[in-house]
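Written out below as structure tokens is the structure these notes cover.
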Amino acid sequence: MDSLPAIPPHARTYRYDAVDKAFLQARIAEFRDQVQRRLDGTLTEDEFKPLRLMNGLYLQLHAYMLRVAIPYGVLNTRQLRQLAYIARRWDRGFGHFTTRQNIQFNWTKLADAPDMLAALAEVDMHAIQTSGNCVRNVTTDEFAGAAADEVVDPRPYAEILRQWSTLHPEFTYLPRKFKIAITGAPHDRVAAKLHDIGVIAKRNTEGEVGFEVWVGGGLGRTPIVGTKLFDFVPEADFLATMEATLRVYNALGQRENIYKARIKILVRDLGDEFRRLVERELAEMPEGRYRLPSEVVQAIAAHFAPPPFARLTDNPPALRQALEANRAFATWVKNCTHPHRAPGYVSVVISLKPIGGIPGDASADQMEAVADLADRFSFGEIRVSHVQNLVLPHVRQEDLPALFAALKPHGLATPNIGLVSDIISCPGMDYCALATARSIPVAQRISERFADLDAQLDIGTLHVNISGCINACGHHHVGHIGILGVDKRGEEVYQITLGGSATNDAAIGELIGPAFSYDGVVDAVETIIRTYVAHRAPGETFKDAYRRLGPAPFKEALYAAA
Amino acid sequence: MPLLEDGRLRPDPFVTVTDEEPLPEGTPAIISLARLLRDAPAGRNAPLGVALAPEEDPRALVPFLGRLSLVAVRLPKHRDGRAFTQARALREALGFRGEVRATGHVLPDQYAFLLRCGVTVVELPEGADPAIWNAARQAHPVAYQAAVAGDAEPLGFLRRHVTA
Ligand code: SF4
């Protein structure tokens with residue numbers, strides 16, 4: 001960015017031009033035609049299914065669900081207001097933010113879907129590739145362009161991946177869905193090692209950007225931590241490397257058994273041979289065709305120019321006074337903010353996990369409130385986090401008291417980020433046709449059990465993840481406490497895993513023992529937490545304590561009495 | 001079955017020959033990869049084509065490329081997209097210049113993608129309406145990535161017009 005002549009205006013998101021807008025209109029026209037052909041019977045449901053899925057339209061238990069892409073979780077306020085409008089007009093006044101940084105509308109009618117897409121297109125949004133066996137919406141760090149520890153802003157590369165993968169002619173009928181995450185910070189906030197491809201952007205000693213590429217991670221019924229494919233792919237070879245990796249997968253990935261069709265199985269089965277095949281593909285590519293020119297990177301990076309930050313200093317007096325005067329505010333600041341690179345600024349996480357609420361749900365009113373506050377306090381930028389919360393990335397520290405006060409009446413000031421009630425839960429039996437158990441009510445009951453904020457603060461950092469079936473959309477394998485609902489002879493039971501992690505020390509949690517009943521699972525979680533509190537060293541987090549202690553004391557506490 | 005090429009239907013001069021049948025003299029014929037590897041048919045003047053199964057690697061054709069007029073790739077189900085990668089490998093890694101034909105369960109919505117991956121001819125079901133295929137092919141005049149065929153003038157960033 002430094003080499004550009006002048007800092008371009010702050011755009012908040014990638015700005016569509018006439019080419020992009022025309023593309024989107026063509027796409028909507030195409031989908032309208034496909035819906036029409038389905039309604040008049042020209043297309044069978046079997047033929048229509050992959051087409052509707054490529055436009056984000058799923059069939060759930062009670063209705064269609066439209067999953068809207070929020071590219072790499074970045075929104076401007078016009079877009080968030082439009083999502084609120086869509087929620088009111090075509091859904092039941094709610095939207096559900098997902099772990100893929102997307103939003104879902106759970107009560108969509110097939111005939112309305114083209115109109116909903118047209119409304120999205122008015123604000124440069126779409127639902128392309130939020131489903132189906134294609135490259136899905138790319139995810140990135142919710143603090144991108146703001147975090148103090150960031151080395152490379154991942155958003156331009158995420159946008160390049162978005163464009164490159166859009167209606168990719170070769171990779172739209174893959175063996176299975178394909179998820180890419182990219183971060184540019186040493187602290188991995190995107191679970192890079194648990195994606196089909198995880199990219200960590202970094203710099204070499206000359207300051208040039210390159211990419212550490214991980215492949216074959218994933219959860220689902222066979223959780224696997226990924227393998228490092230390359231340590232430093234030069235920027236120019238970024239897309240070629242993606243192409244080569246996907247070619248090997250498209251040619252050789254299993255297609256008979258959907259549970260073995262993700263790239264992780266291929267990578268596991270081929271071992272080092274996988275890298276050799278990717279290198280062969282790279283060697284066979286014609287010189288230059290897939291090169292990523294630095295001019296393209298710079299032109300796209302211009303869309304992500306920083307906002308006009310004021311010259312401020314950290315810890316302004318207004319903040320210090322408020323912290324001393326108001327304990328509730330101080331707790332919120334401690335739990336719900338993240339260090340910013342610009343002095344005097346901070347990123348704020350808005351919890352969508354009120355006690356007893358549905359994790360990730362936001363009402364249309366709340367979305368509009370957040371949009372207003374983003375305009376007032378965060379240069380009109382909003383992010384969706386992969387733990388189903390919202391982020392205002394650039395807030396002045398001196399504005400924190402006003403922001404806190406303004407969030408409260410909307411139920412958006414729950415100070416529980418990273419605590420036991422900041423639960424990730426999939427929709428489970430309440431919506432999902434594949435579910436074998438309820439998950440949302442389990443999340444609600446756990447958060448009610450630990451409603452007391454002091455107790456939560458005493459417990460400290462603790463990630464609880466809940467999935468309603470073995471597909472693991474709630475990422476239970478990487479929860480510090482992971483809960484998986486399964487069906488056992490017609491009864492919902494819950495398996496608990498401990499010690500998982502989705503960050504730099506990525507690990508799959510270990511099954512602690514026999515499953516618990518729907519009624520018993522919350523007690524079991526409480527027992528696990530009590531055991532941790534009893535055994536922890538001063539300042540030791542749950543995850544660290546579990547890694548030191550192993551499963552024995554937890555097993556003992558859970559099962560010995562029975 | 002009818003063939004679609006450049007938006008128009010045309011008859012198929014090739015006959016598909018099973019591994020047991022003798023190769024007809026003087027008639028364009030399509031054989032399997034296994035048969036090609038087994039018999040390496042030489043001394044034939046009539047055009048020869050090979051039908052690749054989805055799991056077969058086009059690189060196996062390298063020793064025979066000069067003798068092949070056609071390679072067929074197949075979508076056993078429309079969701080099975082291995083043919084896209086096979087076609088692209090034929091054009092790009094092998095530099096194959098002959099006809100690349102897509103067969104099997106192909107949808108009109110896949111036509112443009114097939115062309116961009118290097119397919120030139122699609123085998124259609126009997127009675128298919130080429131107008132539907134041409135409309136689907138022209139649905140998107142713009143693409144966001146480089147491909148083997150159809151790239152026209154650049155539009156900034158990675159974008160380019162697609163020649164229809
Ligand atoms: S984990 Fe299972 S129940 Fe939950 S959303 Fe995924 S498929 Fe549905």
Side-chain angles (χ1 to χ4, degrees), chain A residues 17-20 22-23 26-27 29-31 33-34 37 42-43 46-47 49-51 54 132-134 159-160 162-175 239-240 243 246-253 255 280-281 283-286 288-293 295-297 299-300, chain B residues 52 54-59 75-89 91-95 105-119 129 132 135-151 154-162:
Chain A
D17 61 12
V19 173
D20 299 310
F23 170 83
R27 179 68 174 180
E30 184 183 33
F31 187 57
D33 172 63
Q34 288 163 349
R37 278 191 282 149
T42 319
L43 285 174
D46 192 45
E47 289 171 334
K49 190 176 169 188
L51 305 174
M54 268 171 254
N133 293 336
C134 51
E159 173 60 24
I160 286 164
R162 183 191 74 82
Q163 295 198 12
W164 161 79
S165 64
T166 295
L167 305 199
H168 195 293
E170 191 177 338
F171 306 132
T172 298
Y173 299 89
L174 295 168
L239 291 180
E243 289 266 347
L246 274 148
R247 285 171 185 186
V248 173
Y249 172 53
N250 194 38
L252 299 178
R255 289 175 187 265
R280 182 181 72 174
E281 291 285 351
E284 286 175 352
M285 280 179 189
R289 183 176 287 158
Y290 301 99
R291 208 181 131 261
L292 175 60
E295 311 84 71
V296 168
V297 176
I300 288 183
Chain B
L52 285 179
E55 67 278 9
E56 288 170 344
D57 187 343
R59 292 169 185 85
L75 284 79
K77 289 176 284 193
H78 62 273
R79 282 188 299 256
D80 185 334
R82 285 175 287 185
F84 294 91
T85 288
Q86 289 175 316
R88 195 266 319 146
R91 296 296 186 205
E92 207 173 74
L94 277 64
H105 190 181
V106 185
L107 297 182
D109 309 82
Q110 296 174 313
Y111 188 21
F113 288 174
L114 287 167
L115 294 175
R116 283 185 50 74
C117 289
V119 167
D129 179 0
I132 291 176
R137 169 192 180 181
Q138 281 152 17
H140 287 292
V142 168
Y144 282 86
Q145 60 293 104
V148 167
D151 282 7
L155 291 165
F157 305 154
L158 303 167
R159 306 170 305 181
R160 69 236 29 238
H161 264 305
V162 178

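In what follows, every chain begins at residue 1, and chains take the letters A, B, ... in the order their sequences are listed.
- With hydrogens and angles ignored, the 3.5 Å screen pairs a side-chain donor or acceptor of A:N250 with a backbone N or O of B:G81.
- Taking chain B as the reference chain and counting heavy-atom pairs below 4.5 Å, the highest number among A:E30, A:E281, A:R289 is found for A:R289.
- Only the side chain of B:R59 has a heavy atom closer than 4.5 Å to any heavy atom of chain A.
- Counting heavy-atom pairs under 4.5 Å between each of A:E284, A:R37, A:K49, A:R247 and chain B puts A:R247 at the top.
- The ring-ring contact (aromatic ring centres under 6.0 Å, His included) check on B:F113 picks up nothing, with sequence neighbours excluded.
- For A:L246, no part sits under 4.5 Å from any heavy atom of chain B, backbone or side chain.
- Looking at A:L292, the atoms closer than 4.5 Å to chain B (heavy atoms on both sides) all sit in the side chain, from C-beta outward.
- The contact between A:Q34 and chain B is made entirely by side chain atoms (from C-beta outward), counting heavy-atom distances below 4.5 Å.
- Contacts with chain A were tallied for B:C117, B:A136, B:P141; B:C117 has the most, counting heavy-atom pairs under 4.5 Å.
- Both the backbone and the side chain of A:Q163 come within contact range of chain B, judged by heavy atoms closer than 4.5 Å.
- In summary, the aromatic rings of B:H140 and A:F23 are positioned with their centroids under 6.0 Å apart.
- Judged as a salt bridge (Lys or Arg N to Asp or Glu O under 4.0 Å), and not counting sequence neighbours, the contacts of B:D151 are B:R116, B:R160.
- Formation of a donor-acceptor pair under 3.5 Å by the A:T172 side chain with backbone atoms of A:P169 is not found in this model.
- Looking at A:D33, there are no atoms closer than 4.5 Å to chain B (heavy atoms on both sides), in backbone or side chain.
- Between the side chain of A:E47 and the main chain of B:L107, no donor-acceptor pair closer than 3.5 Å is present.
- Between B:R82 atom CZ and B:L75 atom CG the span is 9.5 Å, to the nearest 0.5 Å.
- Chain A forms more heavy-atom pairs under 4.5 Å with one residue of B:T85, B:I132, B:L114 than with any other, namely B:T85.
- The most heavy-atom pairs under 4.5 Å with chain A, out of B:R79, B:E55, B:K77, come from B:R79.
- Ranked by heavy-atom pairs under 4.5 Å with chain A, the first of B:H78, B:Q110, B:R159 is B:R159.
- The candidate from A:L252, A:L43, A:L239, A:D17 with the greatest count of non-hydrogen atom pairs under 4.5 Å with chain B is A:D17.
- If you check the side chains of B:Y111 and B:Q138, you find no donor sitting under 3.5 Å from an acceptor.
- Both the backbone and the side chain of A:R27 come within less than 4.5 Å of a heavy atom of chain B.
- A cation-pi geometry, defined here as NZ or CZ lying under 6.0 Å from the six-membered ring centre and within 45° of its normal, does not hold between B:R88 and A:F171.
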